[in-house]
Protein chains: 4
Amino acid sequence: MPKISDEKRAARRAQILEAAWACFQKEGLHATTMDDIIRASGLSAGAVYSYYPSKDELILAAVTTSLSGLTSLVIPLLQAMPAPAPATLLQQIAATIDQFTAREGYDLKRVALLGWAEAQRNERLRATMRGFYLAFRDLLEQALGRAADAGHLERSLSGKDAAKALLAMIVGFVVQDALLHDVEPEQLARGLAALAPLRRDD
Amino acid sequence: MPKISDEKRAARRAQILEAAWACFQKEGLHATTMDDIIRASGLSAGAVYSYYPSKDELILAAVTTSLSGLTSLVIPLLQAMPAPAPATLLQQIAATIDQFTAREGYDLKRVALLGWAEAQRNERLRATMRGFYLAFRDLLEQALGRAADAGHLERSLSGKDAAKALLAMIVGFVVQDALLHDVEPEQLARGLAALAPLRRDD
Amino acid sequence: MPKISDEKRAARRAQILEAAWACFQKEGLHATTMDDIIRASGLSAGAVYSYYPSKDELILAAVTTSLSGLTSLVIPLLQAMPAPAPATLLQQIAATIDQFTAREGYDLKRVALLGWAEAQRNERLRATMRGFYLAFRDLLEQALGRAADAGHLERSLSGKDAAKALLAMIVGFVVQDALLHDVEPEQLARGLAALAPLRRDD
Amino acid sequence: MPKISDEKRAARRAQILEAAWACFQKEGLHATTMDDIIRASGLSAGAVYSYYPSKDELILAAVTTSLSGLTSLVIPLLQAMPAPAPATLLQQIAATIDQFTAREGYDLKRVALLGWAEAQRNERLRATMRGFYLAFRDLLEQALGRAADAGHLERSLSGKDAAKALLAMIVGFVVQDALLHDVEPEQLARGLAALAPLRRDD
DNA sequence: GATGAATGAGTCTTCATTCAT
DNA sequence: AATGAATGAAGACTCATTCAT
């Protein structure tokens, strides 16, 4: 077999990654064996290992690819003009996470939970995730700033805190829906609105 | 004297559970071996197995004990009279989670992440968690109802949604702080307040 | 199973080592699989690994035990009084190596060749062997000194060189007999005598 | 033009063999992978396999080529007229082995140790080596005969034994220097001379 | 009851070799 | 003829669990 083209190589990597996603989601990161992935990919052990040199690398790739795939869907929302109100933004992002799950054929929420747990003991994964979430939170902060410009919320000194609160709601949505399967994006948006204070009282 | 024996039995179970917590937190659920726990507990393999018949049982016990330990700390907050505003309640609960970590000598947040991941493939753990979070959300809903009575928020038809949103913020706090280590309860409370809309928009 | 006695533990170690010796000798160090040794030992994989934590450790133990077993047989020869002539000493040592082989049921010569090869890439083994051969050469030098005292050879400034030459003959005997199977200790002794110069001529 | 093709073929074989030598010497025979050799040779897997059909074949070729390369250097010494004294011959041969190492860019001594070990389980290699060493010993015997003619040693019935003793010293030099790195050809020659008995003793 | 040695199926990974292109 | 991607059978080692003492 002569040299494979770059596209074919990428296709093979994708093929393996999809197999890994499917297995990880079904069995969890550690309960999934390389043999599971190898069988699911339809390739041989050696072939899989020539594309991903270890299980850890495959885990890292699976999680980071999920993360960046999601990012590319969410970024347009964060840069929309005019900027929506926070509750609307929350609803749109949550809905996009749901769509991602449906579109790619595996549940991003479950993979996210697995990734967070794995990040506790995997240095590289932790660093990667850290970078991702910090960047994501920055984007949220900017979007909230533009929402303030649009008059949706009071321009305040605590833009960073608002971004933290909003990020908490987003990842909290992922956890809660993964565990309870009964949270809809609109409910979250309505809930956030309902939590709003009538007047500042603390 | 069966009573002494029972007490001893309980003490042994606690001793083993503490060892398990310490290991799980440090290494993760799967990377922790029974041998790790056995050594950390200072008992023999046979002894540990006579108290917990399998690793899965130990995982279940570790997670549910954490959960109920936390519950007993949080319930007073949820039943406080007069009811605090949502942001205040959020701050108090987040602070309690932080305190729990400090008091029990292991990081509840990390164990929570591990437990959620494990629940994806462990039927019993999933059911247990489901029950816990549903009950917790009910308590949140009641507390929010009393907060509405106290005039902190508009009494609305979406009490359930508000509870979902609040729970999302709480678990989102756990995730975000476990990953980024830069979220304080007060920031979250301020952030929630900052997200309040100037005008209701759809 | 309660705590095993020290003797039993030692016996188990010996049992595993003997199995390893037999396999190594038959197959070579690398071609021998742990499974070979496990089966030959009659124990389980876990049991073998609880006594020797890796194949490398087993190789090290096999080689160093051979070395020290041989040493304990040869030392009396080196300390004999009155000291024999070099050719006689050579013959005795070579004969002892042959006896060791016969007595222990495996061919020390073959294991020696394997060990030397392995020492090329195994740091610890190399260090161990180095120490052994240096010490052995020192003993040879002392024995030659006593042989000079006894009038068997000229006392010279080159005692170290004589020890190097004698050690070369001993290990050379091991190699040659392992490869050709046609060298007897007496032949070596006669050969050394025959090589002796009639008069110093260089 | 088949002649050019043949030359190219020989050049390729040499190129592969050199790569193999370099790897074998650095890593040992078994720890060297075909991939190591393939990469070191700069050729493709298929190309290497078209010249040497298996790793065993490559090992055999590497060892026998070393052996015959050395032979061609040593033979002139063995046929020199007038014949030198045994100690002188020993020194010359040892020095030639050292030179070979320097000249060919890889350590013949190390490869020799590896080859001897491998010969324990490789039938063909064993047979090849056996032939080589028997032939070499015959040449030594003849050279010693001529040395006796020249009056350097007593003509005796044990010419074969003297050859065995001399071969032992030569291979013993290889082992000792490979392990201890502190043996010089002249030391060996002086040492042999120093071992000469003052009086024949039994 | 308690002990901890023993079990052995299962894990990740390697690597000599092949053969489609 | 050459390439190098693919194969898949081993290999070293682990670890939840058991049970003889």
Side-chain angles (χ1 to χ4, degrees), chain A residues 1-5 8-9 12 16 30-39 41-59, chain B residues 5 8-9 12 30-39 42-59, chain C residues 1-5 8-9 12 16 30-39 41-59, chain D residues 5 8-9 12 30-39 42-59:
Chain A
M1 300 173 185
K3 199 147 198 157
I4 218 169
S5 71
K8 269 207 171 152
R9 210 178 149 74
R12 276 271 199 265
I16 293 167
H30 284 92
T32 292
T33 70
M34 283 305 288
D35 207 52
D36 290 339
I37 297 172
I38 287 158
R39 230 167 336 186
S41 74
L43 297 174
S44 67
V48 169
Y49 271 88
S50 82
Y51 287 96
Y52 292 96
S54 72
K55 187 180 177 182
D56 265 6
E57 215 69 29
L58 211 32
I59 288 175
Chain B
S5 171
K8 261 193 184 165
R9 214 177 149 71
R12 278 287 170 80
H30 283 91
T32 292
T33 68
M34 284 304 288
D35 201 53
D36 290 338
I37 297 172
I38 287 159
R39 231 165 326 150
L43 298 174
S44 68
V48 169
Y49 269 87
S50 79
Y51 288 97
Y52 292 95
S54 74
K55 188 180 175 182
D56 268 3
E57 215 68 29
L58 212 33
I59 289 174
Chain C
M1 300 175 186
K3 200 149 199 157
I4 219 168
S5 71
K8 268 206 171 154
R9 210 178 149 73
R12 277 272 199 264
I16 294 167
H30 284 92
T32 292
T33 70
M34 283 305 288
D35 206 52
D36 290 338
I37 297 173
I38 286 158
R39 230 167 336 186
S41 74
L43 297 173
S44 67
V48 169
Y49 272 90
S50 82
Y51 286 97
Y52 292 96
S54 72
K55 187 179 175 183
D56 266 7
E57 215 68 29
L58 211 34
I59 288 175
Chain D
S5 171
K8 261 193 183 164
R9 214 176 151 72
R12 279 287 171 78
H30 282 92
T32 292
T33 69
M34 283 304 287
D35 201 54
D36 290 337
I37 297 172
I38 287 160
R39 230 165 327 150
L43 298 175
S44 69
V48 169
Y49 269 88
S50 79
Y51 288 97
Y52 292 96
S54 75
K55 188 180 176 184
D56 268 2
E57 215 68 30
L58 211 34
I59 289 174

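Throughout, protein chains are lettered first and strands after them, A, B, ... in sequence-line order, and every chain is numbered starting at 1.
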Nearest-nucleotide wise, let me know which of Pro53(C) and Tyr51(D) is further upstream toward the 5' end of DNA chain F.
-> Tyr51(D)
Set of residues satisfying salt bridge (Lys or Arg N to Asp or Glu O under 4.0 Å) with respect to Asp35(A), sequence neighbours excluded =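 Checked Asp35(A) against salt bridge (Lys or Arg N to Asp or Glu O under 4.0 Å); matches are Arg39(A).
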Under-4.0 Å side-chain N/O to phosphate OP1/OP2 contact, Lys55(C) with dA12(F) = yes
Give a yes/no answer on whether the side chain of Arg12(C) brings an N or O atom under 4.0 Å of OP1 or OP2 in dA6(E).
-> yes
Where is the tightest heavy-atom contact between Leu58(B) and Met34(B), given as atom of each residue plus distance?
->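 Shortest heavy-atom contact: CD2-CE, 4.0 Å.
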What's the shortest heavy-atom distance between His30(B) and Lys55(B), and which atoms?
-> O-NZ, 3.5 Å
For [X], enumerate each residue passing the side chain to side chain contact (heavy atoms under 4.5 Å, CB included) test, keeping only those at least two apart in sequence or located in another chain.
{"X": "Ala47(D)", "answer": "Leu43(D), Ser44(D)"}
{"X": "Tyr51(D)", "answer": "Arg9(D), Arg12(D), Arg13(D), Ile16(D)"}
{"X": "Ser50(D)", "answer": "none"}

Which of these nucleotides, [options], is closest to any side-chain atom of [X]?
{"X": "Thr33(C)", "options": "dA5(E), dC12(E), dA12(F)", "answer": "dA12(F)"}
{"X": "Ser54(C)", "options": "dA6(E), dT13(E), dC13(F)", "answer": "dC13(F)"}
{"X": "Met34(D)", "options": "dA12(F), dT17(E), dA6(F)", "answer": "dT17(E)"}

What's the [atom1]-[atom2] distance between [X] and [N], to the nearest Å?
{"X": "Asp56(C)", "N": "dG11(F)", "atom1": "CG", "atom2": "P", "result": "16 Å"}
{"X": "Leu58(C)", "N": "dC13(F)", "atom1": "CG", "atom2": "P", "result": "10 Å"}
{"X": "Arg39(C)", "N": "dG8(E)", "atom1": "CZ", "atom2": "C1'", "result": "13 Å"}
{"X": "Ile4(A)", "N": "dC19(E)", "atom1": "CD1", "atom2": "P", "result": "18 Å"}
{"X": "Glu57(C)", "N": "dA12(F)", "atom1": "CD", "atom2": "P", "result": "15 Å"}
{"X": "Asp35(A)", "N": "dT14(E)", "atom1": "CG", "atom2": "C1'", "result": "15 Å"}
{"X": "His30(A)", "N": "dT14(F)", "atom1": "NE2", "atom2": "P", "result": "16 Å"}
{"X": "Ile38(D)", "N": "dT14(E)", "atom1": "CD1", "atom2": "C1'", "result": "14 Å"}

Looking at residues 43-50 of chain C, who's got a heavy atom less than 4.0 Å off DNA chain E?
->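 Per residue number, the list reads Leu43(C), Ser44(C), Ala45(C), Gly46(C), Ala47(C).
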How do Gly42(C) and Ala31(A) order along DNA chain E: which one's closest nucleotide is nearer the 5' end?
-> Gly42(C)
Sorted by chain and number, sequence neighbours left out, side-chain hydrogen bond (donor to acceptor under 3.5 Å, both in side chains) with Ser54(B) holds for none
What is the nucleic acid contact for Tyr52(C), judged by heavy atoms within less than 4.0 Å: base, sugar-phosphate only, or nothing?
->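 If one applies the 4.0 Å heavy-atom cut-off, Tyr52(C) turns out to touch nothing in the nucleic acid.
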What nucleic acid atoms does Thr32(B) come within less than 4.0 Å of, heavy atoms only: base, sugar-phosphate, or nothing?
-> sugar-phosphate
Atom CD1 in Ile59(B), atom CD1 in Ile37(B): separation rounded to 0.5 Å?
-> 7.5 Å
For DNA chain E, what is the dot-bracket line, given that a base pair needs Watson-Crick (N1 to N3, plus N6-O4 or O6-N4) or G-U wobble (N1-O2 and O6-N3) geometry with both distances under 3.5 Å, and | means paired with another strand?
-> .||||||||||||||||||||
